[in-house]
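Input: a single structure, listed below in structure tokens.
First the proteins, then the strands, lettered A, B, ... as listed; each starts at 1.
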Number of protein chains: 2
Amino acid sequence: MKKQGVKERIIETASDLFYNQGFNQTGINQIIAEAGVAKASMYQHFRSKEDIAVAYLIARHSMWMGKLNDSVSVQNTPKGKVIGCFDYLLEWLNEVNFRGCGWQNIITDLPIDHDKIRDQAIHHKNDLRLWIQKQLKDEGKYESSEELGDEILILIEGAIILSQIQKEKWPITAAKKACIKLLN
Amino acid sequence: MKKQGVKERIIETASDLFYNQGFNQTGINQIIAEAGVAKASMYQHFRSKEDIAVAYLIARHSMWMGKLNDSVSVQNTPKGKVIGCFDYLLEWLNEVNFRGCGWQNIITDLPIDHDKIRDQAIHHKNDLRLWIQKQLKDEGKYESSEELGDEILILIEGAIILSQIQKEKWPITAAKKACIKLLN
DNA sequence: AATTAAATACAGACAGGTCTGTTTATTATT
DNA sequence: AATAATAAACAGACCTGTCTGTATTTAATT
């Protein structure tokens, strides 16, 4: 059995902790303790706590977009895939007890000068925005797939944050209904 | 000239700091320094940092709902008032450089056992939800004002968080368009 | 042997909260 | 009005704990 590399262990542990308990509630001493890594080793691989968070967000983006694509792959049409986003949200957020979005959660209470983290959030949201707009364009029946895509993205973001606040699923199901209305 | 009370000064200073730089980025030493209050005095009025935050959120709720009502009061119909929410968002969020929503910002990275803060966020969002649903019901032309109200609320929440991430106004204008589509 | 990683200690700063004595402001009494 | 008592607020020190990051030595891995 090949032991997981130090860097990977740090990223994995930090990802879990940053996501579930919050960036500001997670100290590096906890990360190294739970990852079974020495602090100096950690600083060999990462220049700062912010850089660990960046690695977390990069890994998360890859994982998240991948899972989204997997989830909606069963849909036959681009439009179906867009609507399917909400099924994915429902399944994922229910599974994490409505903990919400890693990017939303980290950007709302961010130490000053942590612009690398901010850039990751913008990157992720732009990727998702383009993904939605592309699906709608591929569907070929919407005059304004960009405008519509923006509106769907806002529904997704709103559903995530509101389900987090309320710890309930109704925002997601309501957002799906609104999405269907806008697309029909 | 009556000097503002100690408690009020703490709440006002903490409100400004919590909102603009974040709950976790604001320490009590900064609060007392900027409020010109002794720490012991602060702890005479508030049991904990969490209690200060609760006072902040209570004051904010009152202020926020008041300003919303003022802003939409120029609209002639309940429906106009709901759509007017987005104009209020645009003005307010532009003014605070898209800093976003006090409740969203605090609940996303919250120390454990701070349930009083959580309760304030739920209370605020429920109030807003009921306010929107009431407007739509008063309009008298929607069969399902509750469902529609939920959808509008999600648009509002999504517009706020996304404009914060992007530091742009397009999420708000897009959300307004979606709102109009859903209401027409 | 070279590289990587671990263990440990440290530095400086900061966190939220407590305590004691002093000062100031307000209230009550004369 | 003056004085005394009370309440509120302040100043400074202190507490325990934690934060992020650095330095050194030793151990483990390649």
Side-chain angles (χ1 to χ4, degrees), chain A residues 1-57 105-106 109-118, chain B residues 1-57 105-118:
Chain A
M1 293 298 297
K2 175 96 190 261
K3 189 180 178 182
Q4 198 178 17
V6 168
K7 187 171 180 179
E8 284 70 42
R9 289 198 338 259
I10 294 168
I11 296 175
E12 184 178 334
T13 303
S15 296
D16 180 65
L17 292 171
F18 285 155
Y19 180 67
N20 286 298
Q21 66 183 26
F23 178 73
N24 292 290
Q25 315 315 320
T26 302
I28 57 169
N29 287 319
Q30 189 183 5
I31 295 171
I32 59 174
E34 298 194 17
V37 169
K39 195 184 291 190
S41 303
M42 193 197 75
Y43 279 105
Q44 249 176 338
H45 290 272
F46 298 97
R47 184 168 14 166
S48 61
K49 185 182 179 185
E50 184 188 12
D51 281 4
I52 303 176
V54 168
Y56 148 60
L57 294 174
N105 289 340
I106 199 169
D109 199 340
L110 196 55
I112 66 172
D113 297 329
H114 279 44
D115 291 328
K116 292 192 233 178
I117 289 179
R118 190 175 303 281
Chain B
M1 291 299 296
K2 176 97 191 257
K3 187 178 175 184
Q4 199 179 16
V6 168
K7 187 170 180 177
E8 284 70 42
R9 287 194 347 253
I10 295 168
I11 296 175
E12 183 178 336
T13 302
S15 295
D16 181 64
L17 292 171
F18 285 157
Y19 180 69
N20 286 299
Q21 66 182 26
F23 177 75
N24 292 289
Q25 315 314 321
T26 302
I28 57 170
N29 288 317
Q30 189 183 5
I31 295 172
I32 60 175
E34 297 195 16
V37 170
K39 196 184 287 191
S41 302
M42 193 197 75
Y43 280 104
Q44 252 177 338
H45 289 273
F46 297 96
R47 184 170 14 168
S48 62
K49 186 183 179 185
E50 182 187 13
D51 281 6
I52 302 176
V54 168
Y56 148 60
L57 295 172
N105 289 339
I106 199 168
I107 205 157
T108 44
D109 199 340
L110 195 57
I112 65 172
D113 296 331
H114 279 46
D115 290 329
K116 292 192 233 176
I117 290 178
R118 190 175 302 279

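One interatomic measurement links the two molecules: NZ of B:K49 to P of C:dA15, which rounds to 8 Å at whole-angstrom precision. For the pair A:M42 CE and D:dA23 P, the computed distance is 15 Å after rounding to whole Å. Between the C1' atom of C:dT3 and the NZ atom of A:K7 lies a distance of 17 Å, rounded to the nearest Å. For the pair A:Q44 CD and D:dT29 P, the interatomic distance rounds to 15 Å; values are reported in whole Å. Between the C1' atom of D:dG21 and the CG atom of A:D113 lies a distance of 17 Å, rounded to the nearest Å.
Within the structure, the side chain to side chain donor-acceptor pair (under 3.5 Å) test picks out the following pairs touching residues 42-51 of chain A (sequence neighbours left out): A:D51-A:K116.
Residues from residues 16-33 of chain B lying near DNA chain C, meaning a heavy-atom separation below 4.0 Å, are B:T26, B:G27, B:I28, B:N29 in numerical order.
In terms of phosphate contacts, B:R9 brings a side-chain nitrogen or oxygen within less than 4.0 Å of OP1 or OP2 of D:dC10. A sub-4.0 Å separation between OP1 or OP2 of D:dC10 and a side-chain N or O of B:S41 is present. Residue A:H45 places no side-chain N or O under 4.0 Å from the OP1 or OP2 atom of C:dT4.
Checked by atom type and distance alone, the side chain of B:D109 pairs as donor or acceptor with a backbone atom of A:N24 at under 3.5 Å.
Proximity of A:I11 to A:K7: side-chain heavy atoms (C-beta onward) are separated by under 4.5 Å at one or more points.
Residue B:N105 comes nearest to B:T108 through the heavy atom pair O-OG1, 3.3 Å, listed as atom of the first residue, atom of the second, then distance. Nearest approach of A:L17 to A:T26, heavy atoms of both residues: O-OG1, 3.4 Å.
By the ring-ring contact (aromatic ring centres under 6.0 Å, His included) test, B:F18 pairs with B:F23, B:Y56, sequence neighbours left out. Residues meeting the salt bridge (Lys or Arg N to Asp or Glu O under 4.0 Å) test with B:D113, sequence neighbours left out: none.
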Strictly under 3.5 Å: I want the nitrogen or oxygen pairs between protein and nucleotides 18-24 of chain C, one per line.
none

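Taking CD1 of A:I106 as the reference point, atom CD1 of A:I117 lies at 4.0 Å (rounded to 0.5 Å).
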Pairs under 3.5 angstrom only: tabulate donor-acceptor contacts from the side chains of residues 27-39 of chain B to other protein residues two or more places apart or in another chain.
from: B:N29; atom 1: OD1; to: B:K39; atom 2: NZ; distance (Å): 3.1
from: B:Q30; atom 1: OE1; to: B:Q21; atom 2: NE2; distance (Å): 2.7
from: B:Q30; atom 1: NE2; to: B:E34; atom 2: OE2; distance (Å): 3.0

